[in-house]
Amino acid sequence: MNNKKVRVRFAPSPTGGLHLGGVRTVLFNYLFAKHHGGDFILRIEDTDQTRFVEGAEEYIFNCLKWCGLEPDESPLHGGPHVPYRQSERKALGLYEKYAKQLVANGQAYYAFDTAEELDAKRKEINNFQYSQHTRNAMKNSLTLSGAETQQLLDEGVPYVVRIKMPENVDVKFNDMIRGEVSFNSSLCDDKVLLKADGMPTYHLAVVVDDHDMEITHAFRGEEWLPSAPVHVLLWQYLFGLDAMPQWAHLPLILKPDGNGKLSKRDGDRLGFPVFAMDWQNADGTVNAGFKERGFLPEAFVNMLAMLGWNAGTEQEVFTMEELVQQFSMERVHKGGAKFDFEKAKWYNHEWIKKLEVGSWKPEVKKLFEEKGIVVMDDAKFEKVLELVKDRCTLLNDFVQQAGFFFQSPTAIDTASIKPKWDEKKQLFFVEAIRMFEQSSLWQATDLEHSFKELAAANQLKPGELMLPLRIMLVGGKFGPGVFEIAELIGREETAKRIGYTLGLL
RNA sequence: GGAGCGUUGGUCAAGGGGUUAAGACACCUCCCUUUCACGGAGGAAUCACGGGUUCGAUUCCCGUACGCUCUACCA
């Protein structure tokens, strides 16, 4: 349509943790921008000062950084359109200037109704809306004379500026995902544009700032669709429809059970994270994050990309580069998608297998340290991770699957041995200890060979001995091949662990 | 209540006038494995419903149902 450089933006309000759906919105913005060689801007939508939460902005930056979705321009990164916080942009005087202009042109008006008066009205009339059908009964510059209005303004009586929705106009626009969308203006209400504290509402701010920052494509969640006509009208009034960015309203991410938007409560209820990273609430409670749950950022991003978009091929595992290369708005779904934590875990597993061990080894090491497991031999560590990664879907799984290589198990599942335990087996393992101690070779295959030979010599079936041996070495019924474990933990440790469990039986 | 948006297996989804309606996750069966995984082979959907248009509709049109979102001086 035009040759302008693509510029997109994500404009969160810093009120809490960054929701999965928010990250996906960022992702689609980012992918679209990068696909077209454009810029991704992050603007902080902090127009509601009563909802400001300490630390939320910094948290958002951390999440984006973790995901590898860094903005080209933001309050942190700077850029040609500073400031990037709406609370600071207010000083530019843009919001007030445009609000006044709208009033002067008869496209908006001053309203002096107090919050109490509006509340009373809502109680009095069911489904009350401040609109062209009711504004004549309210206290505003449309019902007041020019002199009266001016007097109230001069006296400093608090007011808001409301858009004056026109009568019976079909407000249409072309959504990149949904095609033409149309609303009749008579059914829309007169939204507040400028609040009594002088701050703009989202409606005014998004239009003014998108214009000022030369945004070419505006993506947001589907929940914004009903207010789109306000924004389209504002664009028409202020800057002209030709300058308006192209809209795309992204489908919602739904809760796995039942219906409705996925909320952080669903995560707590169903036992999975909803935020990108852990978020600590003011009351000290924490909402779990994907990062802390053991997700790789590559997997998290990959999983999110596939929630509402697909390449049209059978490919499901994508690197960021591949996503950038293949992404297109045309292939974004219209319908919402239910979030499936099982599938999310599958992506993580795929990425654990796909990436070099070295790329996530530090994370696992950190987890080990938290559990007090000391890793001295880095080469062995890497070998072990390589050996067990097939059994780990989340990074945290490595603690159980690999921890016993570096620390003798304390809890031994003797209950799984005892029922079939007897003197004969006891004697066999005593002998096995000696055999291991004296074995000249210490390779898994050799160990297996001599172990089975010893079993045969004692007229025991290897099958009856393998599980006990496993439990002695790892503590439970898990882990890779027993003899590979023995090889890696070494002669001394192997003998020690067998002896220890023998003492418990 | 109103407006808008949506509806292919349990979930994510491809497809888009004529197909045996892909694939993935999960599930079940089997193989491999004397743990658990990994890997491999199988199993299950007639496309919300009702009307059109058409030789023919899951695919186009119109209704209906259902669901969701919004309906704040929140975003």
Side-chain angles (χ1 to χ4, degrees), chain A residues 11-15 45-48 50-51 86 111 113-115 118-119 122 126-131 158-162 175 177-178 181-184 186-189 191-203 205-206 220-229 249 251-252 254 256-261 303 306-317 331 333-347 349-350 353 388-393 397 400-401 413 416 452 461-471 474 476-482 485:
Chain A
S13 69
T15 53
E45 207 102 19
D46 57 349
T47 55
D48 187 356
T50 63
R51 294 212 310 163
Q86 286 175 334
D113 318 87
T114 64
L118 288 173
D119 276 349
R122 293 198 179 95
N126 216 235
N127 301 317
F128 170 81
Q129 286 205 315
Y130 208 119
S131 71
Y159 66 88
V160 300
V161 173
R162 286 180 181 272
D175 186 281
I177 297 171
R178 291 149 216 285
V181 181
S182 168
F183 296 81
N184 188 287
S186 294
L187 276 356
C188 302
D189 57 339
K191 291 272 183 252
V192 170
L193 302 178
L194 201 66
K195 304 188 236 183
D197 64 2
M199 287 293 277
T201 59
Y202 171 83
H203 306 299
V206 73
R220 72 223 307 193
E222 190 188 335
E223 69 268 27
W224 288 104
L225 211 38
S227 58
H249 290 88
L252 265 16
L254 280 11
D257 58 339
N259 297 298
K261 252 200 306 197
M303 176 274 290
M306 303 309 286
L307 234 41
W309 175 85
N310 73 83
T313 63
E314 288 189 7
Q315 184 177 359
E316 284 196 280
V317 177
R331 294 202 62 86
H333 249 251
K334 293 180 172 75
K338 289 187 181 178
F339 176 68
D340 180 0
F341 190 54
E342 291 306 317
K343 187 80 185 225
K345 286 196 290 194
W346 177 79
Y347 277 108
H349 194 14
E350 290 304 304
K353 289 188 283 184
V388 304
K389 67 179 185 183
D390 276 353
R391 291 150 230 267
C392 300
T393 59
D397 294 339
Q400 197 207 29
Q401 293 293 338
D413 179 18
S416 294
K452 285 183 175 169
K461 277 184 250 164
E464 304 176 84
L465 274 9
M466 299 287 271
L467 189 65
L469 178 61
R470 165 176 300 283
I471 291 172
V474 322
K477 296 185 220 176
F478 54 88
V482 235
I485 295 169

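Chain letters run A, B, ... following the sequence lines, proteins first and then strands; every chain starts at 1.
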Sticking with atom [atom1], work out how far [N] lies from [M], rounded to a whole angstrom.
| N | M | atom1 | value |
| --- | --- | --- | --- |
| B:U53 | B:G17 | C1' | 11 Å |
| B:A22 | B:A45 | C1' | 13 Å |
| B:G50 | B:A57 | C1' | 14 Å |
| B:C12 | B:U29 | C1' | 24 Å |
| B:G42 | B:U35 | P | 25 Å |
| B:C47 | B:U58 | P | 7 Å |
| B:C27 | B:C38 | P | 10 Å |
| B:A48 | B:A21 | P | 16 Å |

Give a yes/no answer on whether the side chain of [X] brings an N or O atom under 4.0 Å of OP1 or OP2 in [N].
| X | N | value |
| --- | --- | --- |
| A:Asn310 | B:A14 | yes |
| A:Arg470 | B:U33 | no |
| A:Lys195 | B:A75 | yes |
| A:His333 | B:A14 | yes |

Across the strands shown, which category fits [X] at heavy-atom distances under 4.0 angstrom: base, sugar-phosphate, nothing?
| X | answer |
| --- | --- |
| A:Thr47 | sugar-phosphate |
| A:Lys345 | nothing |
| A:Ala196 | base |
| A:Val160 | base |
| A:Asn259 | sugar-phosphate |
| A:Gly221 | nothing |
| A:Gly481 | base |
| A:Arg220 | nothing |
| A:Asp113 | base |
| A:Thr313 | nothing |

For [N], what is the paired nucleotide under Watson-Crick or G-U wobble rules, both distances under 3.5 Å?
| N | answer |
| --- | --- |
| B:U69 | B:A3 |
| B:U33 | none |
| B:C49 | B:G63 |
| B:U58 | none |

How many whole angstroms separate atom [atom1] of [X] from atom [atom2] of [N]?
| X | N | atom1 | atom2 | result |
| --- | --- | --- | --- | --- |
| A:Lys389 | B:G39 | NZ | P | 12 Å |
| A:Gln315 | B:A22 | CD | P | 21 Å |
| A:Leu254 | B:U7 | CG | P | 12 Å |
| A:Trp309 | B:A13 | CH2 | P | 12 Å |
| A:Arg122 | B:G1 | CZ | C1' | 16 Å |
| A:Asp390 | B:G39 | CG | C1' | 9 Å |
| A:Glu342 | B:A37 | CD | P | 13 Å |
| A:Asp340 | B:G23 | CG | P | 19 Å |

**Report entry** Comparing A:Leu467 and A:Met306 on RNA chain B - which has the more 5′ nearest nucleotide
**Finding:**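 The 5'-side residue here is A:Met306.
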Report task. Could you pick out which residue, A:Leu307 or A:Glu222, lies toward the 5' side of RNA chain B when each is mapped onto its nearest nucleotide? Result ->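 Nearer the 5' end of the strand: A:Glu222.
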Query raised in the report: Going by an N to O cut-off under 4.0 Å, is there a salt bridge joining A:Glu464 and A:Lys461?
Result: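 Between A:Lys461 and A:Glu464 there is no salt bridge, as every charged N stays at least 4.0 Å from the carboxylate O atoms.
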Query - Electrostatic pair A:Asp340-A:Lys343, nearest N-O below 4.0 angstrom - result: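 Salt bridge: no.
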Requested in this report: Look at the rings of A:Phe341 and A:Phe339 and say which category their plane angle falls in: under 30° parallel, 30 to 60° tilted, over 60° perpendicular.
Outcome: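 Taking A:Phe339 first and then A:Phe341, their aromatic rings sit tilted (interplane angle of 30° to 60°).
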Query raised in the report: Does NZ or CZ of A:Arg391 fall inside the cone over A:Phe478's six-membered ring, less than 6.0 Å from its centre and within 45° of the axis?
Result: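 No.
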Requested in this report: Could you tell me whether the side chain of A:Lys191 has a donor or acceptor atom within less than 3.5 Å of a complementary atom in the base of B:A72?
Outcome: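 Answer no: no donor N or O sits under 3.5 Å from an acceptor.
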